[in-house]
Amino acid sequence: MEVSHAKVPGGDSGPGRPSHPGLFLTGEAGKSDHLSAGRTVDFPVSVILPAGGTGERTGLQTPKQFCSFLGRPLISYTIQAFERVSWVQIVVVVVAKENMDLMMDIIQRFQHRKVRVVPGGSTRHRSICNGVMALSEEERPAADKPKVVIVHDAVRPFVEEDFLRKIAVAAKEQGAAGAIRPLVSTVIATTSEGYLDHSLERAKYRASEMPQGFTYDVIYQAYQRCTESDFEFGTECLHLALQYCGTNAKLIEGPPTLWKVTYKRDLAAAESIIKDTLAQSACLLTGGLAPAAALTDVLQKAFGALDMRLDVIPDLVGENARCLLKVWNFIQVSVNSSCLSEVEAILVALEAANRALLHPPVVIWVNMSSADEKTINRTVAESAAVMDLASAAKLRNVLLYGIQLHQSEDTERWERSVMKVAEMASALIRDRNPALVGQLLQA
Ligand SMILES: Nc1ccn([C@@H]2O[C@H](COP(=O)(O)OP(=O)(O)OP(=O)(O)O)[C@@H](O)[C@H]2O)c(=O)n1
Ligand SMILES: O=P(O)(O)OC[C@@H](O)[C@@H](O)[C@@H](O)CO
């Protein structure tokens with residue numbers, strides 16, 4: 001079995017590597033229950049991500065697992081969701097032979113560690129089986145052999161650690177465990193002529209989702225014993241565990257975020273969810289300037305009304321630097337200054353934190369200036385400066401925008417302008433449109 005080991009600079013998870021807090025989605029699975037409340041996973045767990053399909057139902061040329069949004073392929077989001085889990089040892093990605101090189105490039109580009117790449121098969125079961133066999137061939141001491149194997153479709157990017165823990169613990173205790181969700185539509189049986197034969201009582205049925213977990217021995221034996229028909233037409237690993245190992249999986253209801261990207265619209269939905277998650281909070285950097293503080297109240301109220309949290313700090317020095325690892329959006333306020341040094345400092349800090357590797361941070365420069373002739377002339381120079389800096393930042397996956405705010409003695413006009421800043425800033429943060437980087441918008 002050909003297994004490619006991706007080598008990334010700095011080793012798997014060598015010391016000093018910035019630990020990227022993953023993209024966490026809050027959801028029902030965040031609630032722990034008796035299954036794993038406080039339970040730790042103190043046994044070796046490996047993950048198999050079947051990614052060997054062609055994604056025909058999307059109607060796209062590129063298999064959906066390799067379709068990108070926000071500059072990253074879908075599969076990279078899923079890999080990262082498992083990599084960030086400390087008790088996951090290895091992530092085996094199973095891809096079609098013709099996509100092995102592409103997969104290795106993705107691993108290098110996004111510095112994925114823990115990943116092994118294995119060639120897929122003509123069906124999903126064959127791909128998963130290749131992943132299981134690869135684990136059995138891993139040259140590792142018996143003590144390190146996985147106790148539990150998690151199987152998770154590579155096109156289900158939203159998986160939460162808490163729910164993963166429930167599946168892993170239940171799989172260890174029961175031999176197999178699987179995620180389920182309530183059915184949305186009623187399931188009916190049809191006659192060969194295309195008429196209704198009967199409908200199932202929906203309350204008695206559930207949709208089988210992912211992740212699923214198995215003790216290594218169960219999933220290995222299941223694939224050793226299953227038939228060619230299973231390999232060719234089967235879609236359910238839990239069935240194989242029951243049919244060939246007598247292991248009845250524990251079923252655990254998961255959060256609604258477990259859905260699978262199947263159609264083209266699902267890619268747009270996934271991108272929207274990720275954008276929403278990145279836009280949940282922002283950092284307003286006032287430089288400790290009193291006039292900048294004047295913006296704070298209005299911006300905080302406006303962001304609050306948009307269900308976005310705004311943390312206000314003077315800079316990113318010392319303790320304040322923690323903001324870099326908590327939020328993905330930064331608003332730097334300057335007063336009567338065409339100097340972009342504070343913005344440059346943010347870009348340097350983001351680079352040092354290797355922050356843009358995962359998702360594109362947004363930096364917005366709000367330049368508060370008087371509206372006299374000299375200042376207005378200066379704006380032209382500032383526009384060029386912002387554009388130049390933004391072009392450089394974009395190469396490092398940082399999205400930099402500018403907003404010019406002319407101070408006004410007219411209170412009503414001033415409040416309208418500040419509200420405009422809030423609307424523009426929240427729109428730029430939510431949309432993360434690379435086409436607008438470098439623009440100096442006028443509030
Ligand atoms: N021979 C295959 C077929 C599917 N899969 C993977 O199994 C997961 C779920 O399958 P599905 O959503 O059906 O993906 P595709 O088979 O690619 O989609 P389609 O049926 O539309 O072609 C996907 O991550 C897919 O890449 C796989 O590893 N090997
Ligand atoms: O059938 P598809 O290949 O579209 O997707 C695989 C799904 O069936 C599978 O992930 C769940 O039903 C759980 O087994």
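What you see is a predicted model, and the numbers here were worked out from it, not measured in a lab. Every number for a ligand or one of its atoms is a count from 1 in the order of the listing. Atom set for the values below is all heavy atoms of this structure, side chains included, hydrogens, waters and symmetry mates excluded.
With contacts defined as side-chain heavy-atom distances shorter than 4.5 Å, the pair Lys250/Glu173 does not qualify. Taking the side chain as every heavy atom from C-beta outward, Asn329 and Phe303 never approach each other to under 4.5 Å. Here the side chains of Phe82 and Leu164 are in contact, with some heavy-atom distance below 4.5 Å.
Numbered from 1 in the order shown, with element, the atoms of ligand 2 that lie under 4.0 Å from a heavy atom of Glu236 read 13 (C), 14 (O). Those atoms of ligand 2 that come under 4.0 Å of a heavy atom in Arg57, given as number and element, are 2 (P), 4 (O).
Counting only distance, with no hydrogens or angles, the side chain of Gln212 and the backbone of Val151 share no donor-acceptor pair below 3.5 Å. Of the possible donor and acceptor atoms, none in the side chain of Lys64 sits under 3.5 Å from a partner among the backbone N and O of Tyr263. Between the side chain of Arg124 and the backbone N or O of Gly53 there is no donor-acceptor pair closer than 3.5 Å. No donor-acceptor distance shorter than 3.5 angstrom exists from the side chain of Lys260 to the backbone of Asp153, with no hydrogens or angles considered.
Using a 4.0 Å cutoff on heavy atoms, Arg126 does not count as a contact of ligand 1. Contact annotation: Pro63 has no heavy atom less than 4.0 Å from any atom of ligand 1. Remark: distances from the non-hydrogen atoms of Asp153 to ligand 2 include one below 4.0 Å.
Here the heavy atom of the protein found nearest to atom 13 (O) of ligand 1 is Arg57 NH2, 2.7 Å. In terms of protein heavy-atom proximity, atom 15 (P) of ligand 1 is closest to Gly55 N, 3.8 Å. For atom 14 (O) of ligand 1, the closest heavy atom belonging to the protein is Lys64 NZ, 3.3 Å. For atom 29 (N) of ligand 1, the closest heavy atom belonging to the protein is Ser127 OG, 2.7 Å.
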**OP:** Test side chain to side chain contact (heavy atoms under 4.5 Å, CB included) on Arg206 and Arg181 and set out the steps.
**Re:** CA-CA 6 Å; Arg206 293 291 180 275; Arg181 286 287 303 161; over 6 Å; no
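Annotation: Lys260 places an N or O atom under 3.5 Å from an N or O atom of ligand 1; distance criterion only. At least one N or O atom of Thr54 sits closer than 3.5 Å to an N or O atom of ligand 1.
Contact annotation for His125 and ligand 2: no heavy atom of the residue comes within less than 4.0 Å of the ligand. Residue-level proximity to ligand 1 for Thr123 is carried by the backbone, the only part with a heavy atom below 4.0 angstrom. Heavy atoms of Ala96 found under 4.0 angstrom from ligand 1: none, in either backbone or side chain. Residue-level proximity to ligand 1 for Pro50 is carried by backbone and side chain together, each with a heavy atom below 4.0 angstrom.
When the heavy atoms of Gly121, Gly120, Gly53 are ranked by distance to atom 1 (N) of ligand 1, first place goes to Gly121. Remark: among candidates Glu209, His152, Gln212, Arg124, the nearest residue to atom 9 (C) of ligand 2 is Arg124, based on non-hydrogen atoms.
Counting heavy-atom neighbours within 6.0 Å of Lys420 NZ, excluding the residue itself, gives a total of 12 or less.
Ring-plane geometry between Phe158 and Trp259 is classed as tilted, the angle between the planes lying from 30 to 60 degrees on a 0 to 90 degree scale.
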